[in-house]
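So you know, we letter chains A, B, ... as the sequences are listed, proteins then strands, and number each from 1. None of the values given here were measured: they were computed from a predicted structure.
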Protein chains: 2
Amino acid sequence: MPSIKDVARLAGVSVGTVSNVLNRPEMVARETRMRVEAAVAQLGYVRNGSARQLRAGRSTTIAVVALDLTNPFFIDVLNGVETAAQDVDVNVMVVNSSKDAAREARLLRMFEEERPLGVLITPVNASGQRERLGGLISRGIPVVTFDSSSRHSYGCAVSVDDVLGGRLAGRHLLDRGHRRIAFAGGPFPVRQVEDRHHGLAGVLGPDGELTVIPLPDLTVATGRQAGKELAGLAREERPTAVFCANDLVAMGVLQELTQRGLRVPADVAILGYDDIDFAAAAAVPLSSIRQPREQLGRTAALMLLEEANSPGGHEHRHVVFQPDLVERVSTAHP
Amino acid sequence: MPSIKDVARLAGVSVGTVSNVLNRPEMVARETRMRVEAAVAQLGYVRNGSARQLRAGRSTTIAVVALDLTNPFFIDVLNGVETAAQDVDVNVMVVNSSKDAAREARLLRMFEEERPLGVLITPVNASGQRERLGGLISRGIPVVTFDSSSRHSYGCAVSVDDVLGGRLAGRHLLDRGHRRIAFAGGPFPVRQVEDRHHGLAGVLGPDGELTVIPLPDLTVATGRQAGKELAGLAREERPTAVFCANDLVAMGVLQELTQRGLRVPADVAILGYDDIDFAAAAAVPLSSIRQPREQLGRTAALMLLEEANSPGGHEHRHVVFQPDLVERVSTAHP
DNA sequence: GGCGGCGCTTGAACCGTATCAATGCTACGG
DNA sequence: CCGTAGCATTGATACGGTTCAAGCGCCGCC
């Protein structure tokens, strides 16, 4: 495997010069540069990343710790991150915590060793967050949390106003004439779930009647569970609309209701959250609360890069985006 | 930032000893070891990954170049990879080529510099595959292709028999009494698409009447396009079943047909491919050809690790899995 | 008592690169 | 003709580990 020394020897220059050709080509004489470039090509030389990083003390890739890659929401966020990173020639690597705190801890420990340019993370849960992220932060590795489960973060953060999302949902359903409304989601310690519920409840006020269908998880499977519960209720006490804590749940509810002969939206209206592509593609296209996913990712990446590039003082910021409502058939007028 | 030297000084030993405590603890005296461990803890020392890797010449993380993270299929494969890697304490990092050849090339170049333990990849396309992967291979970095678009690979490969998948689909639809059958998929240079079509066509023989609805891409959107085409046909010439090149397409077809008042499976049966979770959760649960996704990933990872651990001779292998059929409502008897 | 062997530790070499002070060279102005 | 400025190149050093031959002290054996 040719090293920079081999290149130097072949080109008849010193290693310093080769390094200059590679990193600051403008400061080496044209003729020398060409000789070096020829040698590089001839040997098929490629720089050694570890050596560079060791010397430089910093990497050039940012790490994203995704909470759950099976949720398309994160994939879209990821796209935003990659867009921003690409512009400044920074690489993005993704790892998957799969909502597993132990696994997340392992990954973060690994990053303490690898020292990426920065870490973008949706932490698994609030408890222990401080300890798990502390190692990175104290080592000077910028950490930006996005869509965090915790209300207060250590460092920069970007999120979407979930209380507002809940309010949008509530107003929309009231507008459509619904008064008996269900909220399907959980677990409740999760901030997003709590906030969305809270926003909804706040808007309904005394006029509405709010039923909560608690779920252990936000997946299609638990959504079906919720659908089953709804379908089991007598018509006169069944909510006429369900607000689901995310689109996966909404899809499950939709499927179960449909299969049990209930019509959406005529019998029960369904409103989801996240506006994932699959939601629009459902049999009854789902209305949903849309989060600016790519923008979320892009902004998070930009904040991370900014922090990484300002060695001195850096003001941590907290950017909050606003969700909006996407109306589709599942909440149309009966 | 404390280095190994600081630890050595604090513990009153040489750096070599500290290194031994970290890497071969059994060969250092108990008392010394404890002193070193105490020093490590006190300083909060963590090893420098780049330095280790520079010295060792090899990394301990394997890289996965995913073709398209928006397709849940790959996420499941990824899970299999992570399972296998976890067992031997190897990390997995994911990057996303997004079906973009230029991007893939950039990522592979980066890996030539970073020298991961190995690279797992579904190449964007067959053409140019040799050049893009050649750099890695000639540098001794094992490459395993999975679900590759090319029929012949350089190195180990794991894939699923798509021709068989097509045959299973064809037989099933014939069994159900269908004779006018459509295949929706594309682009055709893609091996998977070609093979699935080929398998189907082979089984139909002269009895059946096969219509091909070519698509530029396998997404929900193009699936809707296909659905529109189907719905536009007069009843007597409309195929009574569609075999879709993947589940995303099938979902699009399903949605469009349903919205245009056609019943599934009564008017048109739909058969998908991949058996992603969303397929089971569709309004009309989709029948689909299932690929052993996690196993695909697990096997690919194991082959990669094996190659990485056999410095001498290593026989490249090609493992082919068999798909099977999952029957659901979308192809039930009318 | 000397010697061999064993268990543990040491110190130095090395991995491949970036950086920077020092050096050499040229050309130019005084 | 000398001093100097400017440019291109060099060579040494540091980055933080791992590894390995060599050293050291101690014990048991002959």
### Query
For DNA chain D, what string of dots and brackets results from 5' to 3' when Watson-Crick and G-U pairs need both distances under 3.5 Å, crossing pairs get [ ], and pairs with another strand get |?
||||||||||||||||||||||||||||||
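- Sorted by first then second residue, the side chain to side chain donor-acceptor pair (under 3.5 Å) pairs that include residues 61-77 of chain B, not counting sequence neighbours, are B:D68-B:T70, B:D76-B:R293.
- The shortest distance between side-chain heavy atoms of B:L69 and B:I75 falls below 4.5 Å.
- Counting heavy atoms from C-beta outward, B:N91 and A:V95 have side chains that stay 4.5 Å or more apart.
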Every protein N/O lying under 3.5 Å from an N/O of nucleotides 7-10 of chain C:
from, atom 1, to, atom 2, distance (Å)
C:dT9, OP1, B:T32, OG1, 2.1
C:dT9, OP2, B:A29, N, 3.2
C:dT10, OP2, B:S14, N, 2.9
C:dT10, OP2, B:S14, OG, 3.3
C:dT10, OP2, B:T17, OG1, 2.8

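- A:F146 places a side-chain heavy atom less than 4.5 Å from the side chain of A:V77.
- Note that the CG atom of A:D87 and the CD atom of A:E82 stand 12.0 Å from one another [nearest 0.5 Å].
- Near-neighbour residues of DNA chain C inside residues 111-118 of chain A, defined by a heavy atom below 4.0 Å, are absent.
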Under-3.5 Å N/O pairs linking protein and nucleotides 23-25 of chain D:
none

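- What separates CD1 of A:I4 from C1' of C:dC15 is a distance of 13 Å, to the nearest Å.
- Partners of A:E112 under the side chain to side chain contact (heavy atoms under 4.5 Å, CB included) rule, at least two apart in sequence or in another chain, are A:L136, A:R139, B:V46.
- The shortest side-chain heavy-atom distance between A:Y154 and A:R130 falls under the 4.5 Å cut-off.
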### Message
If you apply the rule salt bridge (charged side-chain N to carboxylate O under 4.0 Å, His left out), what do you find for A:R109 with A:E113, and how did you get there?
### Response
CA-CA 7 Å; A:R109 253 193 315 272; A:E113 298 193 1; over 6 Å; no
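- Applying the side chain to side chain donor-acceptor pair (under 3.5 Å) test to every pair with at least one member in residues 114-123 of chain A, sequence neighbours left out, gives no pairs at all.
- Remark: B:S14 engages B:T17 in a side chain to side chain contact (heavy atoms under 4.5 Å, CB included) (not counting sequence neighbours).
- The shortest distance between the side-chain N/O atoms of B:S19 and the OP1/OP2 oxygens of D:dT18 is below 4.0 Å.
- Residues from residues 44-63 of chain A lying near DNA chain D, meaning a heavy-atom separation below 4.0 Å, are A:L54, A:R55 in numerical order.
- Between the side chain of B:T83 and the main chain of B:N79, a donor-acceptor pair closer than 3.5 Å is present.
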### Query
What does nucleotides 21-28 of chain C look like as a protein-contact string, B for base, S for sugar-phosphate only, - for none, at under 4.0 angstrom between heavy atoms?
--------
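- For B:M1, the CE atom is densely surrounded, since the number of other residues' heavy atoms within 6.0 Å is greater than 12.
- Taking atom CE of residue B:M1 and atom C1' of nucleotide D:dA14, one finds them 18 Å apart after rounding to whole Å.
- Residues satisfying the side chain to side chain contact (heavy atoms under 4.5 Å, CB included) test with A:P187, not counting sequence neighbours, are A:P189, A:V190.
- In this structure, B:H318 has no ring-ring contact (aromatic ring centres under 6.0 Å, His included) partners at least two apart in sequence or on a different chain.
- In this structure, CG of A:L22 is placed 14 Å from C1' of C:dT19, rounded to the nearest angstrom.
- Among all heavy-atom pairs drawn from B:S97 and B:E104, the shortest one is CB-CB, 4.0 Å.
- Exactly one residue among A:P116, A:P142, A:C156 makes a side chain to side chain contact (heavy atoms under 4.5 Å, CB included) with A:L304. That residue is A:P142.
- The shortest non-hydrogen separation linking B:R58 to B:A308 is NH2-O, 2.7 Å.
- For the pair B:R9 CZ and C:dG11 C1', the computed distance is 16 Å after rounding to whole Å.
- A distance-only check finds a donor-acceptor pair linking the side chain of A:S3 to the backbone of A:K5 [under 3.5 Å].
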